[in-house]
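Just so it is clear: chains get the letters A, B, ... in the order the sequence lines come, proteins before strands, and each one is counted from 1.
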Number of protein chains: 2
Amino acid sequence: MPLEVPEVVVGRLPIYARGLASLLEQGREVVSSQELGDQLGMTPAQIRKDLSYFGRFGKQGRGYNVRRLAEELRQILGIDREWTMALVGVGNLGRAILSYGGFMPQGFRVVEAFDSDPSTTGTKIGKVVIKDVSELRRTLSRVPVDIGIVAVPADSAQEVIDALASCGVKGILNYAPMAPHLPSGVLIQRVDPALSLQCMTFYLKSQPAAAK
Amino acid sequence: MPLEVPEVVVGRLPIYARGLASLLEQGREVVSSQELGDQLGMTPAQIRKDLSYFGRFGKQGRGYNVRRLAEELRQILGIDREWTMALVGVGNLGRAILSYGGFMPQGFRVVEAFDSDPSTTGTKIGKVVIKDVSELRRTLSRVPVDIGIVAVPADSAQEVIDALASCGVKGILNYAPMAPHLPSGVLIQRVDPALSLQCMTFYLKSQPAAAK
DNA sequence: GTATGTGAACCACTTCACAGCA
DNA sequence: TGCTGTGAAGTGGTTCACATAC
């Protein structure tokens, strides 16, 4: 079944999952690729094609059962179980990641947090006591986590990434504005709003001046 | 010159710009596509091809002048001037956006901030006094901004987006986890770490268990 | 009648490989 | 000799359009 699913397709699955969750809340039981596409801003053909990589979930002439498809997608994505995470860097950014719910979907739990600032280490945010980064290797070697979150400045990000990787972390969410070099076998996802802004202006600058 | 540059290419320009800035700091004067590629984790051919959409910046047998190319890219991207922004939503997330420098590259300045919470409005963060959202239309109609940042909960994001668009905002950075419907002519960039996490687990779940 | 699932056609992006220039 | 710039080839993704099933 996992016969070479294009990466872009995988990237769209969480969007479908979210759309379906929203329909489910509204009490919808069935949805067509057309409707879902309208809601999410994608073409029906693309949705059908994407889903076809994983199975046949719809009924011709009718559409998809919302609850069923949502559940299938959660399983396919692996978000039907819990994942543990370690946060490194508890400055303004790290603190927001911890306390702002929107960045941490259901099923993802930060179980360790590290910082190098002595005035931060030892304090507690939510249920997590912040440890000194010097304890990172020891802590994560004992109790490994699935995913690491890098929220340190760019110039110390590489060593943090190396440390996480050496502790068996297989996935990293990287907020540091830098290009990481990583051991193979480790997956990294970058979160970098600065890049988004900087390419947005490419299109804005050539646009006609703002209308009223 | 702007003869259909692929969107993916534009998306990579800020990465090049950042890599060059870093080389410049290190005092490097010349760089080959090979070296830059190694640094950024991309192939030399891709870098050369991308740059070729905009001109001929290199010297055969030698490479690219770092300072020159960095400057060209800043101009191409439009990040050689200042852009004004309005932030909507000053909760945990919005506050972090304002105070954490990494999300706001050089040249992007938040000049207005709005929230609906009466205990937040009227206070000042940095140089910006937070206004009530009810004043958004009035304020931005008077003094328009280039870009809006949406940092409100998903269920109020659509109305914020509509309001921003109606005030002539041409670009939106959307932190709300939802699929926006937007008036044509408005560019939106989504920042959504939750999606990144949720597609990362697709790959993690099929991986061998974490090594020591 | 209606909407899925899917080969085939199309389009877009990446990589190759080499001519051309310093 | 070394590295750029670029057509051409190759790869990957999207869209079409229709047979198929309800």
If you look only at distance, which donor and acceptor atoms sit under 3.5 Å apart when one is on a side chain in residues 173-183 of chain B and the other is two or more places apart or in another chain?
{"from": "B/Asn174", "atom 1": "OD1", "to": "B/Ala176", "atom 2": "N", "distance (Å)": "3.0"}
{"from": "B/Asn174", "atom 1": "ND2", "to": "B/Ala176", "atom 2": "O", "distance (Å)": "3.4"}
{"from": "B/His181", "atom 1": "NE2", "to": "A/Asp38", "atom 2": "O", "distance (Å)": "3.4"}
{"from": "B/His181", "atom 1": "NE2", "to": "A/Gln39", "atom 2": "O", "distance (Å)": "3.4"}

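- Counting heavy-atom neighbours within 6.0 Å of A/Arg67 CZ, excluding the residue itself, gives a total of 12 or less.
- Annotation: side chain to side chain donor-acceptor pair (under 3.5 Å) contacts of A/Arg190 (sequence neighbours excluded): none.
- At least one donor-acceptor pair closer than 3.5 Å links the side chain of B/Lys205 to the backbone N or O of A/Ile76.
- Non-hydrogen atoms lying under 4.0 Å from DNA chain C are contributed by nothing in residues 15-34 of chain B.
- For DNA chain D, the contact window with chain A, defined by any atom under 4.0 Å from a protein heavy atom, covers D/dG13 to D/dC22 in 5' to 3' order.
- Evaluation of the side chain to side chain donor-acceptor pair (under 3.5 Å) test over residues 149-159 of chain A, restricted to residues two or more places apart or in two chains, returns A/Gln158-A/Asp162.
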Open item on the list: Once pairs are restricted to Watson-Crick or G-U wobble with both distances under 3.5 Å, how does DNA chain C read as a dot-bracket string, [ ] for crossings and | for other-strand pairs?
Closed with: ||||||||||||||||||||||
Could you list the donor-acceptor pairs under 3.5 angstrom formed by side chains in residues 13-24 of chain A, with sequence neighbours left out?
{"from": "A/Tyr16", "atom 1": "OH", "to": "A/Asp50", "atom 2": "OD2", "distance (Å)": "2.6"}
{"from": "A/Arg18", "atom 1": "NH1", "to": "B/Asp192", "atom 2": "OD2", "distance (Å)": "2.7"}
{"from": "A/Arg18", "atom 1": "NH2", "to": "B/Asp192", "atom 2": "OD1", "distance (Å)": "3.1"}
{"from": "A/Arg18", "atom 1": "NH2", "to": "B/Asp192", "atom 2": "OD2", "distance (Å)": "3.0"}
{"from": "A/Ser22", "atom 1": "OG", "to": "A/Gln26", "atom 2": "OE1", "distance (Å)": "3.4"}

Would you list the atom pairs, donor with acceptor, under 3.5 Å between side chains in residues 85-106 of chain B and any protein atom, with sequence neighbours excluded?
{"from": "B/Arg95", "atom 1": "NH2", "to": "B/Val90", "atom 2": "O", "distance (Å)": "3.0"}
{"from": "B/Ser99", "atom 1": "OG", "to": "B/Arg95", "atom 2": "O", "distance (Å)": "2.7"}

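- Pairs of residues two or more places apart, or lying in two chains, that qualify as side chain to side chain donor-acceptor pair (under 3.5 Å) and include a residue from residues 72-83 of chain B are B/Arg68-B/Glu72, B/Glu82-B/Arg109.
- Formation of a donor-acceptor pair under 3.5 Å by the A/Thr201 side chain with backbone atoms of B/Leu77 is found in this model.
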- [ ] Using a 4.0 Å heavy-atom cut-off, write out nucleotides 13-22 of chain C from 5' to 3' as B (base contacted by protein), S (sugar-phosphate only) or - (no contact).
- [x] SSB-B--BBS
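- C/dA3 atom C1' lies 14 Å from atom CG of A/Leu36, rounded to whole Å.
- Under the salt bridge (charged side-chain N to carboxylate O under 4.0 Å, His left out) criterion, B/Arg28 pairs with B/Glu35, not counting sequence neighbours.
- The shortest side-chain heavy-atom distance between B/Val160 and B/Leu164 falls under the 4.5 Å cut-off.
- Legend: residues meeting side-chain contact (heavy atoms from CB on, under 4.5 Å) with B/Val30, ordered by chain and number and at least two apart, are B/Arg62.
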